[in-house]
Amino acid sequence: MAPLPEAVLSAVLGLAGRSLAPGLMARLREEAIAVLRSAVPLPGHVVNQVIASGDRELLVALAEGARTRQVPVLLRLAALGDPRVARALYRQRLRHDLEQELRRAVLAGAARRLDDPEWHAPDGLVKALLINPLPSDLIPALGAPFPEVVRHAVELVGVQAGFPGQLEACHAVLRYGGVDELTTLAALPALRPEVAELARRAVAAPDPAAVLDAFSLDRAGRPADAPALIGEELMRQLRETTSRAQVFALDGVDVDWEGVLAEQRDIPFPPGALATLTSRPDCPGELVRAAYRACRGWAEQPRISWALLRAVDWADDPAPHDLPRLLERGVADGRYPADGVLAEVRPARLVLTGLPFQQETVRAATTELVRPLGADFPAWRALYTLLPRFDGTATELVAAAVAQSGRHRGKSWPRPLGPEFPAKHPEGSRAAFLHLLAQSSEDVRSALVEHLDLRSVQHMLLFHPPSPVIRDRVVALHGRSVLAVVASRWDLPAERIRELIVLDDPEINTCLYVHTDLTDEQRRGILAGRRFGTDGETKPPAITDELVQELEASGRRHWLLPITESGDPRLARILLGKVRLHTLAAQLLLLVRVWEEHGAPEVAALLAETEFGGRARRRHPLPATVHELTRKALESPDGLAVLREELTRERTPATLAGLLRELNEGSAVPVDTALDRLSEELGPAWEGLTAEHDRDPLPDDVLVQVAGRENCPEELRRHGTPAQLRLRHHAHPDERTGPRPGALELLRHHPLPRYAPDAWLALALDHQQLSLLDVVREGRPALIAVHCLTRRASAAPDRANVPAFRELKELAAAHLGDDPETWAVALRLLPDFSGTLPELLATAALVVT
């Protein structure tokens, strides 16, 4: 007999309810133990019954499989104080904080039943801990009720536990081992001097427990009257403070900051130590900056004070990228005043490139900063030339630029650069200059723009988009084609592309085509000379020689295919030399457009051509069928109309449907690849295909691929899931003709698919091709139906109101009643039963009677 899946038995125990579950588990004990030991969720009443039973075998199984269960269940098991259950719980690996809580609860439970010898058995918890080196297991054991375990834990992890953990160990050994054990513990080298001294004082006192209890811990985790950390002891503890969890306070400690700095410069302290040191207000700035870098990513990352930010010369900082992060956070939360940063933090070039200009306070402060410069280009030029080497603040920079403006009169932009393609974000002095320029008044920018080099114009238009007035000023100075510098990034937003393409400028169109992510429709429009704007012009924009050269050098199929609509013989030759056209429609479109734009002689020349792209070809790129059709058209008095008529016929839904059906007839090309080619060459030609499918259905494998495409009509897409379900079902071979049953017909008349039946059911249910009621009534074999219902049940907390679960419960009550034996028979039959669930329940009832 096949084994019963754990998830199924768990679901059935939930269906059986509180009254039947104990009897059912008794009859299926091996299976019940497997369920408890597994990670499947359990009904609450089953957990309660197992804990109440006191059955050690069941309890251990529950503890071993408890890793996915709620913490309260684990803690209830730990409180039992059963050695075998405790060992199983201690082995669980959970989230760190939950793991620590569980281990402490296990040891607290052990303290209630210390007389049980199994704690010290060869396979008991004590022996397991004594050979365990893992800190996650031993730190909770510092408070264990077993002195030998506590000593072992102190020796291995006492340093990590710090003062609180070591004091806990003293309390534990005294409580469970007496004065002798505390004496032994005090002699361990791993114990801190302060704690060892405290333990010796407790041993010598009449009431050792009172001595230990008298010590409260301060925020540093030290006994309140312990001596302050000094010298080597402080350095040792700092070196051991590696994480945020170990950070301690230094209140009342006389820190030798010169010695600490020397240590830091020799061997840098770990992040936890640096965070500890920065808790002191007198911590030197060098350590604060080191802590900021070391603790990056911490929620409680040390913050640099406003006084320290002003005092540091950030030009000397080994990590200059820290300043923008500091300014971003500090200005946003109000710790650093924007006008104060401009007036007091240095150097200006780093400040101006690091300030968060999205903040209104920063924009307002910067506007005031540049007001003294006015619209005087010499002053702005002086500022730009000073920026790279200026060591002072931004306020001092502006003052120096105004003072030196006389030296720059009559001079043009220093070392001008042209636009770059693709454009990159400005850096350094240029970036700082553009930030300042962007915050100046519109009149100032309008006056200065004529003096900027084209690289600055490009950066301004791209990264600091000006108002229409400034943009019109740029166009008036350089001509409309200057806006081509904006079309210089692959990530240019679609709305910016639309703003540029409606200008219908050949140079702009060239840059858009080469440097931005145009849609296929936009690429076809540019090459076809289509006007996107509404300025009243009718003459098509020209195709530049630069764009022709780019296409000639390109191998990108999505760049080259739009040539079919261009009508340009030069481009047609490039296309035929580089790309194979797979559809007659695309081949005819290429020739029709050339004929329309340049006449029949150019079409005849294309057919007679022997070299394309500089390569001689034995065969013409266009097939013999196209040659024959075109020659007949060339000999006809109305040849263009003949080709157009043929092209129209090739672009009808009937022709597309025929091409799709051919894909199913032994084509060597994968269906999805062929569909890509059809979509590329025919464009959005899927409309009307639904009617063709209704008249003569497409093959299922083709239909599934078509339905998955983005441009598939919705009315055709809905046929895709039924086709996919047929393809995945062994009872419906992939045939072009014959009946096309739906999911319910397949479910009703055939067993579920042999391969991945769960996935088949999930697909049908998720796409509303089946309901859960259909699965209950018709799904076979029954085991797969139960699997499906089990998974769906976990996603339906209000199962009582789900018709399928309600009907299943009524069927179980009608056939199985409240007899655990009948339920057990049904479960034993389930793995090998080939019928439906109702048939299974009826059969189980007949077997028992």
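Keep in mind that what you see is a predicted model, and the values were worked out from it rather than measured.
- No side-chain heavy atom of Leu212 sits under 4.5 Å from any side-chain heavy atom of Arg201.
- Of the possible donor and acceptor atoms, one in the side chain of Ser53 sits under 3.5 Å from a partner among the backbone N and O of Val50.
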query = Hey, mind stepping through Glu181 and Val150 against side chain to side chain contact (heavy atoms under 4.5 Å, CB included) and telling me if it holds?
reply = CA-CA 10 Å; Glu181 287 290 349; Val150 176; over 6 Å; no
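- Considering only heavy atoms from C-beta on, Glu101 comes within 4.5 Å of Val71 through its side chain.
- Side-chain atoms of Gln166 never come within 3.5 Å of backbone atoms of Val154 as a donor-acceptor pair (strictly under, hydrogens ignored).
- Crowding of Arg18 atom CZ: a count of heavy atoms from other residues, nucleotides or ligands under 6.0 Å not exceeding 12.
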query = Between Arg104 and Ile139, does a side chain to side chain contact (heavy atoms under 4.5 Å, CB included) hold up when you go through it step by step?
reply = CA-CA 9 Å; Arg104 293 184 185 279; Ile139 286 180; 4.2 Å; yes
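- Among all heavy-atom pairs drawn from Lys127 and Pro122, the shortest one is CB-O, 3.8 Å.
- Residues passing the side chain to side chain contact (heavy atoms under 4.5 Å, CB included) test with Glu148 are His120, Val126, Leu130, Phe146, Arg151, sequence neighbours excluded.
- In this structure, Leu15 CG and Leu24 CG are separated by 10.0 Å, a value rounded to the nearest 0.5 Å.
- Surrounding CD of Glu427 are at most 12 heavy atoms belonging to other residues, nucleotides or ligands under 6.0 Å away.
- Take Glu6 and apply the side-chain hydrogen bond (donor to acceptor under 3.5 Å, both in side chains) test, not counting sequence neighbours, and it matches no residue.
- Here the CG-CZ distance, from Leu350 to Arg346, works out to 12.0 Å after rounding to the nearest 0.5 Å.
- Residues Leu102 and Leu98 have side chains not in contact (no heavy-atom distance under 4.5 Å, counting atoms from C-beta outward).
- Counting heavy atoms from C-beta on, the side chains of Thr276 and Phe269 never come closer than 4.5 Å.
- In this structure, the side chain of Glu64 does not engage the main chain of Arg37 through any donor-acceptor pair within 3.5 Å.
- The two atoms that bring Asn132 and His152 nearest to each other are O-NE2, 2.9 Å, heavy atoms only.
- Between Ala394 and Leu352, the shortest heavy-atom contact is CB-CD2, 4.2 Å.
- In this structure, Tyr90 contributes its side chain and Leu107 its backbone to no donor-acceptor pair below 3.5 Å.
- With values rounded to the nearest 0.5 angstrom, Leu77 atom CG is found 6.5 Å from Leu59 atom CG.
- Inter-residue side-chain proximity for Val341 and Val362 is flagged as unmet; no heavy-atom pair is nearer than 4.5 Å.
- When all heavy atoms are compared, the tightest approach of Gly81 to Arg113 is O-CD, 3.4 Å.
- The pair Arg84-Asp82 does not meet the salt-bridge criterion, since no charged nitrogen lies less than 4.0 angstrom from a carboxylate oxygen.
- Between the CE atom of Met25 and the CG atom of Asp55 there is a distance of 8.5 Å, given to the nearest 0.5 Å.
- Counting heavy atoms from C-beta outward, Pro324 and Thr353 have side chains that stay 4.5 Å or more apart.
- Within the 3.5 Å criterion, the main-chain N or O of Glu328 finds no donor-acceptor partner in the side chain of Gln359.
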key: Test log, rule salt bridge (charged side-chain N to carboxylate O under 4.0 Å, His left out), inputs Glu31 and Arg828   = CA-CA 10 Å; Glu31 292 87 345; Arg828 293 198 184 281; 3.4 Å; yes
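- Residues Ser10 and Thr790 are not in side-chain contact: their nearest non-hydrogen atoms beyond the backbone lie 4.5 Å or more apart.
- Within the model, atoms CD of Gln100 and CG of Asp137 stand 8.0 Å from one another, a figure rounded to the nearest 0.5 Å.
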request  = Decide yes or no on side chain to side chain contact (heavy atoms under 4.5 Å, CB included) for Leu342 and Leu355, but give the supporting numbers first.
outcome  = CA-CA 9 Å; Leu342 293 171; Leu355 275 171; 3.5 Å; yes
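- When all heavy atoms of Ser136 and Glu99 are compared, the pair lying nearest together is CB-OE1, 3.6 Å.
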key: Leu167/Leu198 under side chain to side chain contact (heavy atoms under 4.5 Å, CB included): CA gap, chis, key distance, verdict   = CA-CA 9 Å; Leu167 285 174; Leu198 176 61; 3.2 Å; yes
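- Using modelled atom types, no side-chain atom of Glu344 and backbone atom of Thr393 make a donor-acceptor pair closer than 3.5 Å.
- Contact annotation: the side chain of Leu261 approaches that of Pro284 to within less than 4.5 Å [non-hydrogen atoms, C-beta and beyond].
- Without hydrogens or angle criteria, Arg87 side chain to Asp123 main chain gives a donor-acceptor distance under 3.5 Å.
- Here the side chain of Trp823 pairs no donor or acceptor atom with the backbone of Gly23 at under 3.5 angstrom.
- The nearest pair of heavy atoms linking Ala205 to Val211 is CB-CG2, 3.4 Å.
- Atom CG of Leu62 sits about 13.0 Å away from atom CD of Glu57, to the nearest 0.5 Å.
- Not a single donor-acceptor pair under 3.5 Å links the side chain of His425 to the backbone N or O of Ala431.
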